[in-house]
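So the structure is just underneath, and the comments pick up after that.
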Amino acid sequence: MSALRWFIGIFVFVAVVAAFSGGPPPGYTGAPGEPTCISCHRGFSVNPDDRGKVRLEGVPIGYVPGERYILNVSVTHPDPDRRRWGFQLTALTSLGNAPAGEFPVVEGDRGLADPIRTQREIGMRQRQYMSHTLESAMDFPKPGGDRWSIAWEAPVSDVGGVTFYAAGNAANGDRNSTGDKIFTASFAISGVLRFLPEEAFALPFVRPIRALAWGDFDGDDFPDLFLIGEGEYFLFRNDRGKLVDVTEASGIPRLGLGRAAAWGDFDGDGRLDLYVVNEGQDFLLHNEGGTFREVAVAAGIVENASGRAAVWGDFDGDKHLDLYVVNDGQDVLYRNKGDGTFVALDPTSAGLTENRRGRAAAWGDFDGDGRLDLYVANEGPDFLYRNLGGGRFQNIAPSVGILQEGISADVAWLDFDGDGLLDIFVVREGQDVLYRNRGDGTFEIVDPEVAGHADEGSDGILAVADFDGDGRADIFVAKAGIVFLFRNRGDGTFGRIVGRPGFTILPVSLPRGAAWIDFDRDGRMDLFLAGADGTYALYRGRVGG
């Protein structure tokens, strides 16, 4: 035997041993017409028991052409001898079984700086394979299963529905293929996601709109609309996709100078009540089964300041909703006593002393101590009140990275990067700000150009929701004459969606309200947008043709 033939023989032998050292790669995914890799799977049965699983998370209800999605693949099996794990993934069109989209290969050290582990292509770029969990001093065997993140770029055009076929390998790590197990599963997307204006949607008036609040006040699972006009209030019941004016029958006052509203079940009877922020005494409208009774003063709420917003939240953990009212000047925190009444906390002793023109507020437990903290957006320095317990708060904004200059208009908490920590998005005059929670009690400003949420404008409002159903919070911002929809791609960046086919969302001159709702209860989010000049629109989420 020549030296060259001897070397080739040794190389082939080593390669074969390496391939089977902890169980074969999955070999096929169960896609239609896909042949079994005989050399890898001789003697193997697919899905040999119902105890092993391969799962795929992050699959949207509908895809946006050309957008990147981060999918999380997991392979699990409860047997204690399962010590090595692998998977293979295919994306095909649902009708023609043609390759659908791309799995971009991302190079990086496994899970260190980049959460996407090294990938490699198989075959004609139809499938993506990620090598088995390694047994080494640096990567110990993982009993129970393993999990990977993998990038999928949706087709650049509408190719109809897409189906993912996944195979998972649960190997016993005995250095040969005997006893290893293969599992398959499929996951479907119905088609392209679009947001289309609902031409038949109409409110029975065209008047200036000051504020709005959606909530299911009658318990039929359809969101209803409370709307504040110029000196008027309206309550519309959602009659399975049609709004009906029930203001007179509900007992809600027709006239008043309202600025904002917030739904919340303050007495725990299972029915949503309504707080209305007025120029003058506010309303607390108690829901008595479809009709409302005004109880603010009787409940201990005497609020004559010039208010801007109100937010419900159980800050003291007693299972009763408390109320924070944002004012032009000193805000007020009302503690719910649990007997249908409230008491206003002394701002000095509670640590809530401030004198700013407030615009909005949001509750969120950013430090994970089980107590709700409070962010207040002001025309001036914003406040981040850390809940110290015992009815005491401390404004830590200046010391934790929150900007102390500029004008803020709206705020929301969200975990945009999926690390289990609440981050903050603030709509401001000019460029908005995304604060990433570092996990050590401080925040860092995320570069809007790098993250892809760059914008400009004034008079901003905010609505946050997972509009495409991939498990990640997305951001909608409306400013004077312009709108932004930032899709959370799952890799720390956002895609600017407005203007793409199926996402023609028309701006309003002065936005006064925006909300994500499932208006028709079809399982897809819809978007409602209203302006000060009385213009409004409902954009229905659609998947498919």
Side-chain angles (χ1 to χ4, degrees), residues 64 66-68 195 197 209-212 308-309 326 356-362 375-384 397 401-414 416-417 423-436 443-465 467 472-489 491-516 527-533 535-537 539:
V64 178
E67 269 295 288
R68 173 175 288 198
F195 277 82
I209 296 172
R210 301 192 71 177
L212 57 92
R308 291 294 191 95
V326 180
R356 304 292 179 185
R357 289 176 61 87
R359 297 285 292 273
Y375 192 102
V376 183
N378 293 314
E379 297 180 14
D382 289 354
F383 292 81
L384 176 55
I402 305 300
L403 292 176
Q404 295 297 288
E405 297 179 354
I407 296 175
S408 297
D410 210 346
V411 59
W413 296 93
L414 72 162
F416 87 93
D417 52 0
D423 312 298
I424 310 168
F425 192 88
V426 181
V427 175
R428 291 166 58 88
E429 300 288 324
Q431 174 60 53
D432 300 337
V433 180
L434 175 60
Y435 296 98
R436 189 182 72 83
F443 294 83
E444 65 177 342
I445 296 175
V446 179
D447 187 330
E449 296 293 341
V450 174
H453 65 91
D455 70 5
E456 286 288 334
S458 60
D459 293 299
I461 56 174
L462 173 66
V464 173
F467 79 84
R472 303 179 179 97
D474 310 298
I475 299 170
F476 176 79
V477 177
K479 293 189 173 182
I482 190 168
V483 293
F484 306 89
L485 176 54
F486 300 115
R487 187 193 153 262
N488 190 339
R489 289 174 169 159
D491 58 0
T493 68
F494 293 84
R496 185 167 168 175
I497 303 301
V498 172
R500 297 194 187 184
F503 288 87
T504 304
I505 300 173
L506 298 178
V508 294
S509 58
L510 291 174
R512 287 294 177 262
W516 292 105
L527 177 66
F528 181 79
L529 176 64
D533 59 356
T535 58
Y536 58 85
Y539 295 90

Minimum heavy-atom separation for [X] and [Y], please, with both atom names.
| X | Y | value |
| --- | --- | --- |
| Ala397 | Leu384 | CB-N, 3.5 Å |
| Glu429 | Ser458 | OE1-CB, 2.8 Å |
| Gln431 | Pro448 | NE2-CB, 3.5 Å |
| Val326 | Ala361 | CG2-CB, 3.7 Å |
| Asp455 | Gly430 | OD1-O, 3.8 Å |
| Phe484 | Val498 | C-CG2, 4.1 Å |

Below 4.5 Å, heavy atoms only, C-beta onward: do [X] and [Y] meet side chain to side chain?
| X | Y | value |
| --- | --- | --- |
| Ile445 | Leu403 | yes |
| Ile475 | Leu462 | yes |
| Arg356 | Pro381 | yes |
| Arg487 | Arg500 | no |
| Arg496 | Phe486 | yes |
| Ile407 | Arg357 | no |
| Val477 | His453 | no |
| Phe476 | Val464 | no |

Under the side chain to side chain contact (heavy atoms under 4.5 Å, CB included) rule, what do Ile402 and Val433 come out as? Steps first, then yes or no, please. CA-CA 10 Å; Ile402 305 300; Val433 180; over 6 Å; no
Walk me through whether Leu212 and Tyr536 qualify under side chain to side chain contact (heavy atoms under 4.5 Å, CB included). CA-CA 11 Å; Leu212 57 92; Tyr536 58 85; over 6 Å; no
Find the distance between [atom1] ([X]) and [atom2] ([Y]) and round it off to the nearest 0.5 Å.
| X | Y | atom1 | atom2 | value |
| --- | --- | --- | --- | --- |
| Thr535 | Leu506 | OG1 | CG | 9.5 Å |
| Leu434 | Arg436 | CG | CZ | 9.5 Å |
| Arg472 | Asp417 | CZ | CG | 11.0 Å |
| Tyr435 | Asp423 | OH | CG | 12.5 Å |
| Thr493 | Phe416 | OG1 | CZ | 9.5 Å |
| Asp410 | Lys479 | CG | NZ | 11.0 Å |

For residues Phe467 and Phe195, establish whether the separation of their ring centroids is below 6.0 Å. yes
Please work out which of the three classes, parallel, tilted or perpendicular, describes the rings of Trp413 and Tyr375, given edges at 30° and 60°.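 Perpendicular.
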Can any side-chain N or O of Asp474 pair as donor or acceptor with the backbone N or O of Asn488 at less than 3.5 Å? yes
Looking at Glu405, I want to see if its CD is surrounded by more than 12 non-hydrogen atoms of other residues, nucleotides or ligands under 6.0 Å. no
So Val411 and Ile424, side chain to side chain contact (heavy atoms under 4.5 Å, CB included) or not? Walk me through it. CA-CA 7 Å; Val411 59; Ile424 310 168; 3.7 Å; yes
